[in-house]
Amino acid sequence: MKEQLISITSASNPRIRQVVQLQKKRREREETGLFAAEGIRLFSEIPEEQLEQVFVSESFLAREDAQIILKRAERCEIFAVKDSVFAGMCDTKTPQGILAVVRRREWTLDEILVLSDKPFFMMVENLQDPGNLGTILRTGEGAGITALILSKGTVDIYSPKVIRSTMGSLFRVPFLYVEDMTAAVSLLKEKGIAVYGAHLEGSVPYDSPDYTQPSAILIGNEGNGLTGRTAEVCSRNVRIPMEGAVESLNAAMSAGILMYEVHRQRAAAANQSCND
């Protein structure tokens, strides 16, 4: 392993500068097809075929388990970076000493449509908070979504804050951005998938629809909700009942409630089928 290490001591090194740009700029991530992922846990979750480069601090290399952790990156270039330089590459305040440059996995709508005969899609339109998006993806994995569909106006799923908040779900749950969410909703409906939009003026409570059939849940922007065009083309708009003076819930909380209602119905149906 030591023979593979390439030493970097200057923050002006082109590779260091590229990592900094990947951390800061969505355009850089989109143009290169790369993104940066920090930390030991995230590193362990990255599919090996997507690993491009690995950067480690000198302090990390002093760990007893450093060579074991790095073993999965044997086919990659591994750079040993001066601690002060490494800190400048990272988005976190207390970096763990390892950062990977990762090749993005691109999915298409056609690919996700054939993943299941009874798909369960989570959809988000113009979501802006990185924490909300990361939480929705992580919760979605737990609730068993087939894939996540995002509008082009949604925060970048490859931004550092989103990546951290997914806790690795980013590497396990298929997702894609669509240019026109209204058109995507219409296409899903044509394929026999009912799309339920979360809306303050929804026509029925969120637990009324039959989610055991092919379904999609759609959440809108934190402040404005779904756009009018998209809300109009949904199969049905559903509401989460509110008590007291509360007008609405946090977007990630709303998504979690809806996704786990889908999970509840499908688990109950599966149990019933086993008992019959």
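Model, not experiment: these values are computed from the prediction.
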Enquirer: How far apart are the closest heavy atoms of S159 and P130, and which atoms are they?
Expert: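 Closest approach of S159 to P130: OG-CB, 4.4 Å.
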Enquirer: List in chain and number order the residues that pass side chain to side chain contact (heavy atoms under 4.5 Å, CB included) with E222, two or more places apart in sequence or in another chain; answer none if no residue qualifies.
Expert: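 Checked E222 against side chain to side chain contact (heavy atoms under 4.5 Å, CB included); matches are L127, Q128, D129, N132, A251.
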Enquirer: Any side-chain hydrogen bond (donor to acceptor under 3.5 Å, both in side chains) pairs touching residues 25-34, not counting sequence neighbours?
Expert: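 As it turns out, the side-chain hydrogen bond (donor to acceptor under 3.5 Å, both in side chains) pairs with a partner in residues 25-34, which skip direct neighbours, are Q21-K25, R26-E30, R29-D156.
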Enquirer: Kindly indicate, with the supporting measurements, whether the criterion side chain to side chain contact (heavy atoms under 4.5 Å, CB included) is fulfilled by I149 and L188.
Expert: CA-CA 11 Å; I149 301 173; L188 293 187; 4.2 Å; yes
Enquirer: Would you please name every residue forming a side chain to side chain contact (heavy atoms under 4.5 Å, CB included) with S235, sequence neighbours left out?
Expert: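 Partners of S235 by the side chain to side chain contact (heavy atoms under 4.5 Å, CB included) criterion, ordered by chain and then number, come out as K189, A194, V195.
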Enquirer: Taking only residues two or more places apart in sequence, or in another chain, which ones meet R104 in a side-chain hydrogen bond (donor to acceptor under 3.5 Å, both in side chains)?
Expert: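 R104: side-chain hydrogen bond (donor to acceptor under 3.5 Å, both in side chains) contacts with E106.
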Enquirer: Taking only residues two or more places apart in sequence or in another chain, which ones pass side-chain hydrogen bond (donor to acceptor under 3.5 Å, both in side chains) with E38?
Expert: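 For E38 the side-chain hydrogen bond (donor to acceptor under 3.5 Å, both in side chains) partners, ignoring immediate neighbours, are Q23, T92.
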Enquirer: Name all residues meeting the side chain to side chain contact (heavy atoms under 4.5 Å, CB included) criterion together with R63; count only those two or more places apart in sequence or in a different chain, and write none if there are none.
Expert: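 Residues passing side chain to side chain contact (heavy atoms under 4.5 Å, CB included) with R63: I40, F60, D65, A66, I69.
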Enquirer: L133 versus L150: any side-chain heavy-atom pair under 4.5 Å?
Expert: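 Result yes, sub-4.5 Å side-chain heavy-atom pair found.
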Enquirer: Identify the heavy atoms of G97 and F86 that sit nearest to each other, and give their distance.
Expert: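 What the structure gives for the nearest pair is C-CZ, 3.3 Å.
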Enquirer: Flag the pair T166 / V173 as yes when at least one side-chain heavy-atom distance between them is below 4.5 Å, and no otherwise.
Expert: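 A side-chain contact is absent here, since even the closest heavy-atom pair is not under 4.5 Å.
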Enquirer: Counting N and O atoms only, with roles assigned by atom type, does the side chain of D83 sit under 3.5 Å from a partner on the main chain of S57, one being a donor and the other an acceptor?
Expert: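 No, D83 side chain to S57 backbone: no donor-acceptor pair under 3.5 Å.
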Enquirer: Quick check: do F55 and I16 have side-chain heavy atoms less than 4.5 Å from each other?
Expert: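 A side-chain contact under 4.5 Å exists here.
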Enquirer: How about E247 and L200: do any of their side-chain heavy atoms sit closer than 4.5 Å?
Expert: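 Of all side-chain heavy-atom pairs linking L200 with E247, none is under 4.5 Å.
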Enquirer: If I compare all heavy atoms of V246 with all of S248, which pair ends up nearest, and what's the gap?
Expert: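 Closest approach of V246 to S248: CG1-O, 3.4 Å.
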Enquirer: With side-chain hydrogen bond (donor to acceptor under 3.5 Å, both in side chains) as the rule and sequence neighbours excluded, what pairs involving residues 137-151 come up?
Expert: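 Non-adjacent pairs meeting side-chain hydrogen bond (donor to acceptor under 3.5 Å, both in side chains): N126-S151, E141-S169, E141-R172, S151-T154.
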Enquirer: Mind checking whether L42 and F171 have side chains closer than 4.5 Å, heavy atoms only?
Expert: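 L42 vs F171: side chains touch.
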Enquirer: Is it true that R229 and E232 have a side-chain N and a carboxylate O under 4.0 angstrom from each other?
Expert: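 A salt bridge is absent here (no side-chain N lies under 4.0 Å from a carboxylate O).
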Enquirer: Kindly compute the distance separating OG1 (T9) from CD (E58), expressed to the nearest 0.5 Å.
Expert: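 With rounding to 0.5 Å, OG1 (T9) is 8.5 Å from CD (E58).
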Enquirer: How far apart are the closest heavy atoms of M259 and I136, and which atoms are they?
Expert: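 The answer is CE-O, 3.7 Å.
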Enquirer: If a pair satisfies side-chain hydrogen bond (donor to acceptor under 3.5 Å, both in side chains) and one of its residues is in residues 194-211, list it, with sequence neighbours excluded.
Expert: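 Pairs touching residues 194-211 that pass the test: D210-T212.
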Enquirer: Looking at L226 and A198, what are the two nearest heavy atoms and their distance?
Expert: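 The pair with the smallest heavy-atom distance is CD1-O, 3.7 Å.
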Enquirer: Does atom CD of E49 have more than 12 heavy-atom neighbours, drawn from other residues, nucleotides or ligands, at distances under 6.0 Å?
Expert: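 For E49, atom CD is crowded (more than 12 foreign heavy atoms under 6.0 Å).
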Enquirer: Excluding sequence neighbours, so at least two apart, what forms side chain to side chain contact (heavy atoms under 4.5 Å, CB included) with V233?
Expert: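 Testing V233 for side chain to side chain contact (heavy atoms under 4.5 Å, CB included), a comparison that skips the adjacent residues, returns T182, V185, S186.
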Enquirer: Looking at residues at least two apart in the chain, or sitting in another chain, which of them share a salt bridge (Lys or Arg N to Asp or Glu O under 4.0 Å) with R266?
Expert: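 Not a single residue meets the salt bridge (Lys or Arg N to Asp or Glu O under 4.0 Å) criterion with R266.
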Enquirer: Please confirm whether the backbone N or O of I6 pairs with a side-chain atom of E77, one donor and one acceptor, at under 3.5 Å?
Expert: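 A pair under 3.5 Å: no.
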Enquirer: Could you check whether any side-chain heavy atom of L148 comes within less than 4.5 Å of a side-chain heavy atom of I157, counting everything from C-beta outward?
Expert: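 Counting from C-beta outward, L148 and I157 do come under 4.5 Å.
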Enquirer: Could you walk me through whether L61 and L5 pass the side chain to side chain contact (heavy atoms under 4.5 Å, CB included) check?
Expert: CA-CA 10 Å; L61 289 174; L5 294 176; 4.0 Å; yes
Enquirer: What pairs of residues pass the ring pair (Phe, Tyr, Trp, His ring centres under 6.0 Å) test when at least one of them lies in residues 217-250, not counting sequence neighbours?
Expert: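 Output for this query is empty, none listed.
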Enquirer: Between R72 and L51, is there a side-chain heavy-atom distance shorter than 4.5 Å?
Expert: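 A side-chain contact exists here, since the closest heavy-atom pair is under 4.5 Å.
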Enquirer: Can you find a heavy atom in the side chain of V162 that is under 4.5 Å from one in the side chain of L170?
Expert: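 No - every pair of side-chain heavy atoms lies 4.5 Å or more apart.
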Enquirer: Looking at A37 and I163, what are the two nearest heavy atoms and their distance?
Expert: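 Scanning both residues, the minimum pair turns out to be CB-CG2, 4.4 Å.
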Enquirer: Between Q18 and L34, does a side chain to side chain contact (heavy atoms under 4.5 Å, CB included) hold up when you go through it step by step?
Expert: CA-CA 10 Å; Q18 183 188 45; L34 303 171; 4.1 Å; yes
Enquirer: If you look only at distance, which donor and acceptor atoms sit under 3.5 Å apart when one is on a side chain in residues 111-124 and the other is two or more places apart or in another chain?
Expert:
from, atom 1, to, atom 2, distance (Å)
E111, OE1, T108, N, 3.0
S116, OG, K118, N, 3.1
S116, OG, K118, O, 3.3

Enquirer: Does R75 use its side chain to pair, donor to acceptor, with the backbone of E48 at less than 3.5 Å?
Expert: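 Yes; judged by distance alone, with no hydrogens or angles, the pair exists.
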